[in-house]
Amino acid sequence: MKLLAFAASLRTASLNRKLIHQASVMLRSTPQVDLDLADFREFEMPMYDGDLEARDGIPPGGLEFIRRIQISDGLVIATPEYNGGMPGTLKNAIDWASRTDPIPFEDKPVLLIGASPGGLGAVRSLAHCRIPLQTIGAHVYPEVFGLPRAHQAFDVSGAFLEAHQGSRLQTLLLAYISFVAKLTARSS
Ligand SMILES: Cc1cc2nc3c(=O)[nH]c(=O)nc-3n(C[C@H](O)[C@H](O)[C@H](O)COP(=O)(O)O)c2cc1C
């Protein structure tokens with residue numbers, strides 16, 4: 001199965017980049033997964049503007065986002081939490097992607113994970129992400145992974161300092177992979 005994974009942060013030192021990197025190491029060691037690890041910068045796009053869309057169509061970053069979703073069987077998104085919700089940049093990307101028919105998220109299984117220096121580990125952002133994604137037909141996996149105090153969670157090589165965080169993430173990724181496999185088998 002082909003999975004698209006990215007961190008919804010543009011920051012070079014992003015904690016969510018570190019988290020998706022750890023997830024990518026685990027996913028790449030799973031034989032049935034062909035991983036497309038994207039940089040969110042590949043999908044940079046302007047704020048959604050209906051006039052811009054009417055004049056020029058979907059911007060290149062949006063088209064690339066759509067293309068990469070279309071060729072994937074599922075997505076793993078690591079997202080920060082901003083002011084108790086999802087980042088505007090991620091919502092904007094989802095909004096642009098929803099302007100094509102069929103909507104590329106339709107029937108795609110999505111796993112939401114997130115990291116934050118706070119005590120809640122971005123879980124409010126993960127809850128908010130679920131709403132637009134489900135609205136446009138994605139199958140958002142019921143469980144999420146939130147990493148609290150993420151600024152203290154990684155060593156210099158980017159590995160988890162606490163082994164239980166790695167095993168928690170690994171368990172969730174394996175459960176998600178079997179969810180994707182079941183959905184893919186059902187639709188083929
Ligand atoms: C505009 C803004 C709002 C934020 N709001 C929250 C918040 O509500 N909850 C939280 O845990 N962290 C919040 N933070 C802190 C982020 O979790 C922190 O900057 C984190 O490192 C961002 O993710 P990244 O490292 O992947 O870029 C906020 C940061 C910014 C810039």
Side-chain angles (χ1 to χ4, degrees), residues 3-28 33 35-49 59 61-62 64-66 68-69 72 74-97 105 108-135 138 140-173 176:
L3 297 181
L4 171 63
F6 66 93
S9 172
L10 301 168
R11 224 162 63 83
T12 310
S14 160
L15 299 168
N16 285 279
R17 271 183 203 273
K18 289 183 182 167
L19 178 58
I20 204 71
H21 177 72
Q22 284 310 299
S24 75
V25 170
M26 294 172 187
L27 289 167
R28 287 201 166 116
V33 174
L35 187 69
D36 175 10
L37 178 61
D39 186 317
F40 202 40
R41 290 185 188 281
E42 294 176 75
F43 310 135
E44 273 195 274
M45 58 192 96
M47 285 192 286
Y48 178 76
D49 174 343
E64 180 60 11
F65 188 43
I66 289 166
R68 302 276 278 279
I69 298 167
S72 73
L75 290 91
V76 181
I77 304 174
T79 178
E81 177 174 296
Y82 289 167
N83 299 317
M86 70 194 292
T89 43
L90 178 57
K91 179 64 164 55
N92 187 53
I94 293 170
D95 291 341
W96 272 114
F105 278 102
K108 296 285 176 187
V110 178
L111 179 66
L112 296 171
I113 63 177
S116 147
L120 295 178
V123 290
R124 292 176 299 182
S125 172
L126 305 179
H128 283 180
C129 285
R130 194 175 282 281
I131 296 167
L133 290 171
Q134 289 182 166
T135 302
V140 183
Y141 192 70
E143 284 174 52
V144 297
F145 177 93
L147 183 67
R149 291 172 289 283
H151 58 306
Q152 297 166 345
F154 302 98
D155 69 16
V156 282
S157 76
F160 285 117
L161 283 167
E162 294 180 332
H164 79 97
Q165 298 293 11
S167 47
R168 212 161 61 84
L169 181 59
Q170 174 91 37
T171 302
L172 180 63
L173 289 171
Y176 169 71

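Order of listing sets the numbers, starting from 1, for every ligand and every atom in it. All residue numbers in this chain count up from 1 along the given sequence. Keep in mind the model is a prediction, meaning the values are calculated, not measured.
Less than 4.0 angstrom separates some heavy atom of N16 from each of these atoms of ligand 1: 23 (O), 24 (P), 26 (O).
The side chain of R124, and not its backbone, has at least one atom closer than 4.0 Å to an atom of ligand 1 (non-hydrogen atoms only; side chain from C-beta on). Counting heavy atoms closer than 4.0 Å to ligand 1, residue S14 contributes atoms from both its backbone and its side chain.
Under the ring-ring contact (aromatic ring centres under 6.0 Å, His included) criterion, F40 pairs with F6, sequence neighbours left out.
Between M86 and P132 there is a side-chain heavy-atom pair separated by less than 4.5 Å.
Between G119, P117, G146, it is P117 that holds the heavy atom closest to atom 17 (O) of ligand 1. The option with the heavy atom closest to atom 11 (O) of ligand 1, from among G118, A8, G114, S116, is S116. Selection from R149, E81, R17 by nearest heavy atom to atom 7 (C) of ligand 1 gives E81. Looking at T79, N83, V123 and measuring to atom 4 (C) of ligand 1, the nearest heavy atom belongs to N83.
For the residue pair N16 and S14, no side-chain donor N or O sits within less than 3.5 Å of a side-chain acceptor on the partner.
For atom 22 (C) of ligand 1, the closest non-hydrogen atom on the protein side is P80 CB, 3.8 Å. Closest to atom 2 (C) of ligand 1, if we only count protein heavy atoms, is Y82 CD2, 3.7 Å. For atom 8 (O) of ligand 1, the closest non-hydrogen atom on the protein side is G84 N, 2.7 Å. Nearest protein heavy-atom neighbour of atom 27 (O) of ligand 1: S9 OG, 2.7 Å.
Within the 4.0 Å cut-off (strictly below), no protein heavy atom is located near atom 19 (O) of ligand 1.
I113 approaches L126 most closely through the heavy-atom pair O-CD2, 3.4 Å.
Remark: ligand 1 and L15 share an N or O pair separated by less than 3.5 Å (distance only, no angle test).
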